[in-house]
Each structure stands twice: as structure tokens, then as C-alpha cells.
Engineer: 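Provided herewith is a single structure, encoded as C-alpha cells, for subsequent inquiry.
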Amino acid sequence: MGLELAHWIFSRGARKVILNARRPPWRDYQFYSLNIWTKLKYLVVVDLNNTITLTGSENLLKEAQKLGPIGGYFNCALVLKNAPITSQSQGLFKEVLQPKLNACENMDALTRKYCVKLDHFVVFSSIIANIGVVGQSNYGMANSALERLCEKRRRDNLPGLAIQWGPIADVGVLTSDQYQNRAYKHIEHQKIESCWQVLERCMIQDIAVGFSMVLSRNVEHKKYEQNSVDLIAQAIGLKDIATIDMNKTLHNIGVDSLMLAEIKQLIYQEYQQEMDLDEIRNLTFGRLVEMSKVKK
Ligand SMILES: NC(=O)c1ccc[n+]([C@@H]2O[C@H](COP(=O)([O-])OP(=O)(O)OC[C@H]3O[C@@H](n4cnc5c(N)ncnc54)[C@H](OP(=O)(O)O)[C@@H]3O)[C@@H](O)[C@H]2O)c1
């Protein structure tokens, strides 16, 4: 999305953009875009400072200031380390949080000091921060934290906007092979052009967190991503549900409170049913299988 964002920023009148990345350009489309911008006499700098560190962020800011006053900061970095909560670790949380939260915290602190006239501080969040998804607790936390940072900036009368995007259609992580054939029950993928229209609308409003998602009109025709019982089994780290005693409650299987929270979310997503944690604790896999049959 970053490259498309740059195209959109240029289309809205910017003439100087610094693109921060972890590695030099390597894809054809990256070279193609850089070529077009050069031909149009736009100034584009590819910067490889590591913004996870304060020094790296400071160096990036200094590079930017050499080009003139800084109008805006946009963060659309992403690292995903999906795993059920049982397999999550401090390391995996860190990898996911760093490019989003650490980089933004650094830029927040530095722009407060050096760019008092900043117009835009925009960060890309996800609906995952809102609804939660099994296996993405770290990603949910990273995005949530970004949103709180933007709220804090707004309270301090500074620009700050986080957009909770739903799945995006044409570009970005969901277009990779790993995510091909993934379909959601109630949500369509949003075209990138439509995203920029939403972004623009959010940027001119006085809000800290925007939301952009396209609801599906053909729920019954959508492919289900995965069997819901398997999803719950995955959430609690069970590799094979054939090995489980169908009459044992989730409590007796050893499900802890964090897992219960994930399962609560899953049950809501899969069955549109609100259950309290005690009810979920006392569910058996036998009951979950029955529920999934009723759903079909
Ligand atoms: N695509 C979607 O459907 C979707 C939905 C909701 C929210 N979002 C949000 O939208 C944003 C863009 O997503 P995307 O789909 O474009 O992701 P993407 O295709 O995976 O691109 C993310 C980019 O971030 C770069 N990056 C990671 N860590 C970095 C760091 N420390 N410094 C600089 N760059 C770093 C990656 O670099 P490498 O190329 O080196 O890996 C990659 O180019 C993300 O914030 C994501 O959370 C996307």
C-alpha cells in the first residue's frame, strides 16, 4: 500500500516524498513508479534508516528537513507473525509491534520537538484492532496501541489519525500467495482507489480513528475460510481434534482466560452469538461440533 499511497500523495499535490524502507527497491513496479516520478520531476528519496530506533528516526527526519518543511508523516509498515496465543512469544510481539508502534512513538516524540507545523500524522491500523482475529493478538495490539497514540496526539492538539482498514483488494499483504483464496463471510475486499477516497475524507475530519470496510451483500455465496471448530482448536493450540475427548469442557482441557477471550470473539464471528466467559469455559468440543452443523 505504501507505494500506492505515495502515488496518491503526489496526486494530491505533494512534490517531495521520502519513502522509508528496510531494503532498496527490488520489484519492477517499484522501479516503474520511481521512473514515472522522476519523469514528472517529483523529488523522491528512498531512505533506509531503521526507524525502530530513535537514532534511525532522527536521521530520517533530518534527511526530510533538508528537502524543506515536513508536511506529513504516514506509517504503513507491516510485519506479521501470526500464531495462536499458546505459541505467541515476547519476540513475536516485538517483531510485530516495532515497525508500527516503536517507529510511530519515535516520530511522535521527534515531530513534537522539531516539526511544530506538521499537518498530517497518519498511521494505518486494521479492523483487527477492533474485532480481533485468532492468531493475530500481536497485530491487534500493535494497531490498537497506534490508535491510542493518535488519540493522545489529538488531545494535545496535534494531528493524529489512524485508519482501521478492512481487507484491501489490489495491493498489499493479502495479494500474496499465502493469502490467495482467503474469503471473509461478511466483508468484501476494498479497492485501493476507494481506500484513498476514505482516507481523504478522514483526513479532513476532526477524528483520531477512522474506519473503512466494505460489507458483503452476498453472504451466502462467500467461501468459508475454514471450519469453525478447527479454528477454535487452532486457537487453543490443538493440532488434531480427533485426539480430544468430545465431552471434556474447555475448562478441563486447560483453556486459559486469554484463549477464552479469543474463542469468545470466534464464536461471535462464526455464529453471531454473544456468550459470556463462563458459558464458553463449560462448552465441550461435542457442543461446538453441533453448533457448527446447525450453522451449515
Ligand atoms: N493490505 C491489507 O489488506 C490491510 C488491511 C488492514 C490494514 N492494513 C495496514 O496497511 C498497512 C500496509 O499494509 P500492506 O498490505 O501494504 O503491507 P505489506 O504489503 O506487507 O507492506 C508492508 C511494508 O512494510 C515494510 N516494513 C516492515 N517493517 C518495516 C520497517 N521496520 N521499516 C520500514 N518498512 C518496514 C515491509 O518491508 P519489506 O518489503 O522489507 O518486508 C513492507 O514493504 C499496514 O500498516 C497494515 O497493517 C493492510
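Basis for what follows: all heavy atoms, side chains included, without hydrogens, waters or symmetry-related copies. Order of listing sets the numbers, starting from 1, for every ligand and every atom in it.
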Engineer: With a 4.0 Å cut-off on N to O distance, would you call Glu151 and Arg154 a salt bridge?
Structural biologist: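 Between Arg154 and Glu151 there is no salt bridge, as every charged N stays at least 4.0 Å from the carboxylate O atoms.
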Engineer: Looking only at heavy atoms of Gly166, does any of them come nearer than 4.0 Å to an atom of ligand 1?
Structural biologist: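 It does; at least one heavy atom falls under 4.0 Å.
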Engineer: For atom 17 (O) of ligand 1, tell me which residue out of Asn50, Leu19, Leu78 has the closest non-hydrogen atom.
Structural biologist: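 Among Asn50, Leu19, Leu78, the closest heavy atom to atom 17 (O) of ligand 1 comes from Leu78.
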Engineer: If you round to the nearest 0.5 Å, how far is CG of Asn82 from CD of Gln136?
Structural biologist: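 Reported value, rounded in 0.5 Å steps: 4.0 Å.
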Engineer: Just to confirm, does any protein heavy atom lie below 4.0 Å from atom 21 (O) of ligand 1?
Structural biologist: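 Not a single protein heavy atom is under 4.0 Å away.
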Engineer: After noting the C-alpha distance and the side-chain angles of Arg112 and Asp156, does the key distance pass the salt bridge (Lys or Arg N to Asp or Glu O under 4.0 Å) rule?
Structural biologist: CA-CA 10 Å; Arg112 280 171 192 260; Asp156 297 340; 3.0 Å; yes
Engineer: As a test of understanding, state which of Asp245, Leu250, Thr249 forms a side-chain contact (heavy atoms from CB on, under 4.5 Å) with Phe285.
Structural biologist: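 Checked Asp245, Leu250, Thr249 against Phe285; only one passes side-chain contact (heavy atoms from CB on, under 4.5 Å): Leu250.
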Engineer: Considering only heavy atoms, which of Gln190, Arg22, Gln30 lies nearest to atom 35 (C) of ligand 1?
Structural biologist: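 Result: the heavy atom closest to atom 35 (C) of ligand 1 is in Arg22.
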Engineer: Which atoms from ligand 1 have a heavy atom of Val79 less than 4.0 Å away?
Structural biologist: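 Those of ligand 1 that fall under 4.0 Å from Val79 are 27 (C), 28 (N).
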Engineer: Should the pair Glu290-Arg287 be classified as a salt bridge under the 4.0 Å nitrogen-to-oxygen rule?
Structural biologist: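 Arg287 and Glu290: salt-bridged.
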Engineer: Are any of the heavy atoms in Lys100 under 4.0 Å away from ligand 1?
Structural biologist: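 Judged by the 4.0 Å heavy-atom criterion, Lys100 does count as contacting ligand 1.
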Engineer: Check ligand 1 against Leu174 and write out every atom of the ligand that is under 4.0 Å from a heavy-atom position of the residue.
Structural biologist: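 Once the distances to Leu174 are compared, the set is 3 (O).
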Engineer: When you look for heavy atoms under 4.0 Å from ligand 1, do you find them on the side chain of Val123, its backbone, both, or neither?
Structural biologist: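 For Val123, no heavy atom sits under 4.0 Å from ligand 1.
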Engineer: Counting the benzene-type ring for Trp, do Trp196 and His7 have ring centres under 6.0 Å apart?
Structural biologist: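 No.
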Engineer: Test of understanding: given a 4.0 Å heavy-atom threshold, classify the contact between Arg23 and ligand 1 as side chain, backbone, both, or neither.
Structural biologist: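 Near ligand 1, Arg23 shows its side chain, while the N, CA, C and O stay back.
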Engineer: Test your reading of the structure: does Ser126 have an N or O sitting under 3.5 Å from an N or O of ligand 1?
Structural biologist: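 Not met; the criterion fails.
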Engineer: If you take the nearest heavy atom of each of Asn20, Asn143, Ile168, Ile52, which one is closest to atom 3 (O) of ligand 1?
Structural biologist: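 Closest candidate by heavy-atom distance is Ile168.
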Engineer: For ligand 1, is Ala103 a contact, meaning one of its heavy atoms is under 4.0 Å away?
Structural biologist: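 No, that is not the case, since the closest heavy atom of the residue is not under 4.0 Å from the ligand.
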Engineer: CE/Met1 to CH2/Trp165 distance, rounded to the nearest 0.5 angstrom?
Structural biologist: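 Met1 atom CE to Trp165 atom CH2 measures 5.0 Å (nearest 0.5 Å).
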Engineer: Compare Phe74, Phe124, Tyr139 and give the one whose heavy atom is closest to atom 8 (N) of ligand 1.
Structural biologist: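 The option holding the nearest heavy atom is Tyr139.
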Engineer: Geometry only, no angles: is Ala77 polar-contacting ligand 1 at N/O separations under 3.5 Å?
Structural biologist: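 Yes: some nitrogen or oxygen of Ala77 is under 3.5 Å from one in ligand 1.
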Engineer: Does any N/O atom on Val173 come nearer than 3.5 Å to any N/O atom on ligand 1?
Structural biologist: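 Looking only at distances, the answer is yes, because the N/O contact criterion of under 3.5 Å is met.
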Engineer: In terms of atom number and element, which parts of ligand 1 are under 4.0 angstrom from non-hydrogen atoms of Gly172?
Structural biologist: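 Within the 4.0 Å cut-off of Gly172, ligand 1 contributes 14 (P), 15 (O), 16 (O), 19 (O).
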Engineer: Contact between Asn143 and Gln164 at the side-chain level, heavy atoms closer than 4.5 Å - yes or no?
Structural biologist: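 No, too far: nothing below the 4.5 Å cut-off.
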Engineer: Does the structure place the NZ or CZ of Arg153 under 6.0 Å from the centre of the six-membered ring of Phe121, at an angle of no more than 45° from the ring's axis?
Structural biologist: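 Cation-pi check for Arg153 and Phe121: passes.
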Engineer: What I'd like to find out is whether the side chain of Tyr114 reaches to under 4.5 Å of the side chain of Lys62, using heavy atoms alone.
Structural biologist: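 With C-beta onward as the side chain, the pair stays apart.
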Engineer: Could you list the atoms of ligand 1 found under 4.0 angstrom from a heavy atom of Pro167?
Structural biologist: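 Ligand 1 atoms under the 4.0 Å threshold to Pro167: 3 (O).
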Engineer: So which atom in Gln65 and which in Ile70 form the shortest heavy-atom distance, rounded to 0.1 Å?
Structural biologist: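 What the structure gives for the nearest pair is CG-CD1, 3.7 Å.
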